[in-house]
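Quick note: numbers below take in every heavy atom, side chains included, and nothing from hydrogens, waters or symmetry partners. Counting starts at 1 for both ligands and their atoms, following the listed order.
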Amino acid sequence: MEYLGSIEKPLVLSGCAYLSWKIVTHIWSFVNLEKEPIRILVTGAAGQIGYALVPMIARGAMLGPDQPVIIHMLDIEPAAEALNGVKMELIDAAFPLLKGVVATTNVVEACKDVNIAVMVGGFPRKEGMERKDVMSKNVSIYKAQASALEQHAAPDCKVLVVANPANTNALILKEFAPSIPPKNITCLTRLDHNRALGQISERLNVHVSDVKNVIIWGNHSSTQYPDVNHATVNTGNGLKPVRELVSDDKWLNTEFITTVQQRGAAIIKARKLSSALSAASSACDHIRDWVLGTPKGTWVSMGVYSDGSYGIQPGVIYSFPVICEKGEWSIVQGLKIDDFSREKMDATAKELIEEKSLAYSCLN
Ligand SMILES: NC(=O)C1=CN([C@@H]2O[C@H](COP(=O)(O)OP(=O)(O)OC[C@H]3O[C@@H](n4cnc5c(N)ncnc54)[C@H](O)[C@@H]3O)[C@@H](O)[C@H]2O)C=CC1
Ligand SMILES: O=C([O-])CC(=O)C(=O)O
């Protein structure tokens, strides 16, 4: 600056200061720019999963801490008063991200312009029942709600079916909403995936976030196959295969599998109610990863329409390992499948094919 005279120097300095101030305010205006709210439908919102799920969504657990949301809640007429109570509590909790609440028993109003639909509404199974025992009651709900979603939701709406039998309800929804792209219809097996991570973490006494890449194949039922053949643990000294660390194939091939398969029943036995907080939390995980992407090197399990990968015939919603990027899931390809896995993957596929024909017979 030596070459500047006493008049130019203050002018240049104040010019620089002005420019810096402009840059800072410009960046700040971007940082502060509030995103448009996303509309999220929760059906069965007056039920126990709904009651756990809506505050998680309103707190940002599903779409992140800077994403405003408008929650649409649907339930049936007998639950209208309870639903209104949930709405009152959402207002009372003064969630900063919550920009609006629609609480209704009208399916058209509920589906209007929603970007994400979490379908929890239905009848839960009770102690001693299999998930397919609630089939006849629930598939007809999913047939009816398919057309409402197709006609009134946002065109790119992402759908997650939670209510049981989750895979088959999702399939019925897909079949009766032909204009919704099949890739936008999924079902929840993330709870099973998280349960498998939890069991490994307990067994190895490592933190659950250090365990990754378990797989749930197939149906969200007692035939599902929780597979650890590709799972790893971050030991702090690199990634090690779960099989090597557990070093007990007998446990991994028997008790581990049945514990995960039967965990829903164990919760029902203990609580006399089905899993609600873990189901709600896993539903948030499912949508968050789908919309915002899976972390690099990590896959998750999602029930998606089979494209024939791993020899699973198209025509069923089957849980696969997926990675998500830019709002799209894709099935992880090329994993080696041994004979033990093959048999279990086929058994759960067979159950889904049977469930499909049972579902259709319930609808006729
Ligand atoms: N995929 C998964 O990982 C899990 C699935 N589930 C399933 O989720 C479903 C919900 O479970 P909970 O919340 O415990 O049951 P819940 O009985 O407490 O709540 C279900 C709600 O759905 C409502 N509902 C019934 N018919 C409806 C309709 N046509 N439209 C809108 N709402 C309707 C009910 O009035 C009730 O408020 C069950 O089918 C259960 O088996 C439960 C846990 C995990
Ligand atoms: O077992 C049930 O009926 C509820 C459920 O789907 C689960 O907890 O996984």
Taking atom 24 (N) of ligand 1 as the reference point, the nearest protein heavy atom with its distance:
G122 N, 3.6 Å

Could you label the plane-to-plane angle of the F340 and Y225 rings as parallel, tilted or perpendicular, counting under 30° as parallel and over 60° as perpendicular?
perpendicular

Taking non-hydrogen atoms only, is R195 closer than 4.0 angstrom to ligand 2 via side chain, backbone, both or neither?
side chain

So is there a nitrogen or oxygen of N164 less than 3.5 Å from a nitrogen or oxygen in ligand 2?
yes

Distance-only donor-acceptor check, side chains Q224 and T348, under 3.5 Å
no

Tested for side chain to side chain donor-acceptor pair (under 3.5 Å) against S282, the lone hit among T189, D192, N194 is N194

Any heavy atom of S275 closer to ligand 1 than 4.0 angstrom?
yes

Would you mind listing which atoms of ligand 1 come within a distance below 4.0 Å of any non-hydrogen atom of Q145?
28 (C), 29 (N), 30 (N), 31 (C)

Could you find the nearest protein heavy atom to atom 11 (O) of ligand 1 and give me its residue, atom name and distance?
I49 CD1, 3.5 Å

Mutual orientation of the aromatic rings belonging to F320 and Y318 [parallel < 30°, tilted 30-60°, perpendicular > 60°]
tilted

With side chains defined as the heavy atoms from C-beta onward, is the minimum distance between Q313 and I353 less than 4.5 Å?
yes

Ion pair present between R203 and D248, side-chain N to carboxylate O less than 4.0 angstrom?
yes

Which residue in the set D338, D346, D339 passes side chain to side chain donor-acceptor pair (under 3.5 Å) when paired with R342?
D346

Atom 3 (O) of ligand 2 [closest protein heavy-atom partner, distance rounded to 0.1 Å]:
R125 NE, 2.5 Å

Give the atom numbers and elements of ligand 2 that come within less than 4.0 Å of a heavy atom of I268.
1 (O), 2 (C), 3 (O)

Looking at ligand 1, does F123 have a heavy atom less than 4.0 Å from it?
yes

Which residue owns the protein heavy atom closest to atom 2 (C) of ligand 1, what's the atom, and how far is it?
H220 NE2, 3.2 Å

G47-ligand 1 polar pair, N/O distance under 3.5 Å
yes

Please determine if A79 has a nitrogen or oxygen closer than 3.5 Å to a nitrogen or oxygen of ligand 1.
no

Hey, looking at atom 17 (O) of ligand 1, which of P124, S274, S221, A279 has the closest heavy atom?
P124

Could a heavy atom of Q262 be found less than 4.0 Å from some atom of ligand 2?
no

May I ask you to identify, for Q48, whether its side chain, its backbone, both or neither come under 4.0 Å of ligand 1 on a heavy-atom basis?
both

Atom 29 (N) of ligand 1 - nearest protein heavy atom and its distance:
I141 CG2, 3.5 Å

If we only consider heavy atoms of H220, is any one of them less than 4.0 Å away from an atom in ligand 2?
yes

Closest approach of any protein heavy atom to atom 1 (N) of ligand 1, naming residue and atom
V162 O, 3.0 Å

Has ligand 1 got any nitrogen or oxygen that is less than 3.5 angstrom from a nitrogen or oxygen of L191?
no

The protein heavy atom nearest to atom 40 (C) of ligand 1 is N164 ND2, 3.6 Å

Are a donor atom and an acceptor atom from the side chains of Q261 and S222 found within less than 3.5 Å of each other?
no

Assess, by modelled atom type and distance only, whether the side chains of N106 and T104 contain a donor and an acceptor separated by less than 3.5 Å.
no

Show me which atoms of ligand 1 lie under 4.0 Å from any heavy atom of A46.
37 (O)

Ring-face cation contact, Y305 with K183, 6.0 Å cut, 45° max:
no

Nearest-contact summary for atom 36 (C) of ligand 1 - protein heavy atom, Å
D75 OD2, 3.6 Å

Aromatic contact, Y310 with W217 (centres under 6.0 Å):
yes

Closest to atom 4 (C) of ligand 2 (heavy atoms only, candidates A279, S278, S274) is S274

In Å and rounded to the nearest 0.5 Å, what is the CG to NZ distance from L245 to K240?
6.5 Å

S275 neighbourhood, listing ligand 2 atoms whose heavy-atom distance to it stays under 4.0 Å:
8 (O)

Taking only Lys NZ, Arg NE, NH1 and NH2, and the carboxylate oxygens of Asp or Glu, determine whether K269 and E127 approach each other closer than 4.0 Å.
no

Heavy-atom contacts with G121 under 4.0 Å: which atoms of ligand 1 show up? List them by number with element.
22 (O), 32 (N), 33 (C)

Any salt bridge between E34 and K99, counting N to O under 4.0 Å?
yes

Looking only at protein heavy atoms, which one is nearest to atom 28 (C) of ligand 1, and how far off is it?
I76 CG2, 3.5 Å

Answer yes if the side chains of S341 and N229 hold a donor-acceptor pair under 3.5 Å, and no otherwise.
yes

Sub-4.0 Å atoms of ligand 1 with respect to non-hydrogen atoms of V120:
9 (C), 10 (C)

Side chain to side chain donor-acceptor pair (under 3.5 Å), paired with E355, selected from N167, T168, T223:
T168

